[in-house]
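Only one structure is covered here, and it is reproduced in the block below.
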Amino acid sequence: MTVANSNAIINSEKPLLHYPVICIDGPSGAGKGTVTWRLAQALGYQLLDSGALYRIVGLKAFEAGLITADASQTIDEMAVLALTQSLEIAFLPNNASGRVDIIVNGDAVGDQVRNETVGGYASQIAVFPKVRQALLTLQQDMANRSGLVADGRDMGTVVFPDADVKVFLTASAEARAERRATQLLNAGQIADFDAILTTIKARDDRDENRTTAPSKPAADALLLDSSDLDADAVYEQVKQYCQDKGICFNS
């Protein structure tokens, strides 16, 4: 499996140099994606959407018939691993949309990957240690190319434990459900707040209580609750923390 950015395919054979790594961890809907994008744009760093990787694998596993919407069904971990290793993934920044276009095996899958149902598939496959190890190696290779802003749930605890900056961004389940519902409505889709809230709480429970790499803040992370903060306020606080840690911004 390979991951590409706008400049090059990531490859573990390059010489290892130290580039700054900023980790933005926390649950879905806390605002990680927005602050990660803005930091990467301001600093000229690569962007890693770890959650998208798991969603990609979840989506492709569902399409291949390896998982279903029923999270209680048994899943063949080795089949999911083989699928994971066969994927070619690219994250291509799109300045016009302010988002990252996600390309898998040559096809754009961004809208599918961001679907709420696919988030549930991602959580199902994220419990498998072998799949997580394959994705761990892939993600760590990205830090050997240039500065990196990594968005995920275990970036600062497992993937990049020696990162220069670690932030754990959270928000109440209700605030996150409200944001997701607004997102869907703005996109012209149906939004059932109660269903979204139930899904978020179930995913939080799985992510926080899984045996392998549970979602939790690193001991040395900045803890930031965004429940009552807008995107600008979150960005400014995280930017200031990065500066305090020695990360230089041009503006």
Side-chain angles (χ1 to χ4, degrees), residues 1 3 10 12 16 18-37 39-40 43 45-58 77 80-81 84 89 91 119 122-173 176 200-227 234 237-239 241-242 244-247:
M1 175 174 54
V3 172
I10 305 305
S12 60
L16 298 181
H18 176 74
Y19 296 102
V21 175
I22 300 171
C23 296
I24 310 293
D25 284 315
S28 177
K32 304 192 309 290
T34 300
V35 71
T36 298
W37 168 266
L39 288 170
L43 293 163
Y45 288 4
Q46 294 179 86
L47 186 154
L48 167 60
D49 185 344
S50 170
L53 290 178
Y54 285 95
R55 283 171 175 258
I56 288 164
V57 176
E77 179 179 0
V80 176
L81 174 62
T84 301
I89 304 167
F91 294 104
S123 200
Q124 287 188 54
I125 62 95
V127 302
F128 293 124
K130 289 185 174 63
V131 174
R132 296 190 69 85
Q133 183 59 49
L135 291 176
L136 172 65
T137 300
L138 180 152
Q139 292 169 91
Q140 290 174 333
D141 286 346
M142 292 189 71
N144 298 329
R145 300 290 304 188
S146 71
L148 178 69
V149 187
D151 165 348
R153 286 175 171 75
D154 61 359
M155 296 294 97
T157 54
V158 175
V159 183
F160 302 109
D162 298 321
D164 301 80
V165 177
K166 301 176 188 179
V167 176
F168 194 87
L169 185 61
T170 189
S172 68
R176 289 183 283 134
I200 285 174
K201 287 182 175 180
R203 191 184 311 163
D204 285 351
D205 182 66
R206 284 196 299 269
D207 291 342
E208 292 168 8
N209 294 297
R210 65 188 178 221
T211 303
T212 303
S215 177
K216 63 179 182 180
D220 54 347
L222 169 69
L223 304 181
L224 182 57
D225 188 329
S226 70
S227 299
V234 171
Q237 289 194 41
V238 174
K239 177 182 177 182
Y241 185 66
C242 289
D244 293 344
K245 289 289 187 177
I247 303 295

Sub-4.5 Å side-chain heavy-atom contact between [X] and [Y]:
X	Y	result
Leu39	Ile24	yes
Val57	Phe128	no
Pro129	Glu77	yes
Val167	Val35	no
Val165	Val238	no
Asp164	His18	yes
Thr36	Met155	no
Ser50	Val159	no

How long is the gap from [atom1] on [X] to [atom2] on [Y], to the nearest 0.5 Å?
X	Y	atom1	atom2	value
Leu48	Gln140	CG	CD	10.5 Å
Lys130	Leu81	NZ	CG	8.0 Å
Leu223	Thr170	CG	OG1	9.0 Å
Tyr45	Leu47	OH	CG	13.0 Å
Leu148	Tyr19	CG	OH	12.0 Å
Ile89	Ile56	CD1	CD1	4.5 Å

Could you go through Ile125 and Thr84, starting from their C-alpha distance and side-chain angles, then the distance that decides it, and tell me whether this counts as side chain to side chain contact (heavy atoms under 4.5 Å, CB included)? CA-CA 10 Å; Ile125 62 95; Thr84 301; over 6 Å; no
Of the non-hydrogen atoms in [X] and [Y], which two are nearest, and what is the gap between them?
X	Y	answer
Lys32	Gly152	CE-O, 3.2 Å
Val21	Ala143	CG2-CB, 4.0 Å
Arg206	Ser123	NE-OG, 2.9 Å
Lys216	Thr157	O-CG2, 3.5 Å
Ala221	Tyr241	C-OH, 4.5 Å
Ser226	Ala30	OG-O, 2.7 Å

Asp154: which residues meet the side chain to side chain donor-acceptor pair (under 3.5 Å) condition with it, sequence neighbours left out? Arg132
Go through the steps for Asp204 and Arg176 under the test salt bridge (Lys or Arg N to Asp or Glu O under 4.0 Å), then give the verdict. CA-CA 11 Å; Asp204 285 351; Arg176 289 183 283 134; 2.5 Å; yes
Donor-acceptor contact present, side-chain Lys245 to main-chain Lys166, <3.5 Å: no
Could you tell me if Asp25 and Ser215 have a donor-acceptor pair between their side chains, going purely by distance under 3.5 Å? no
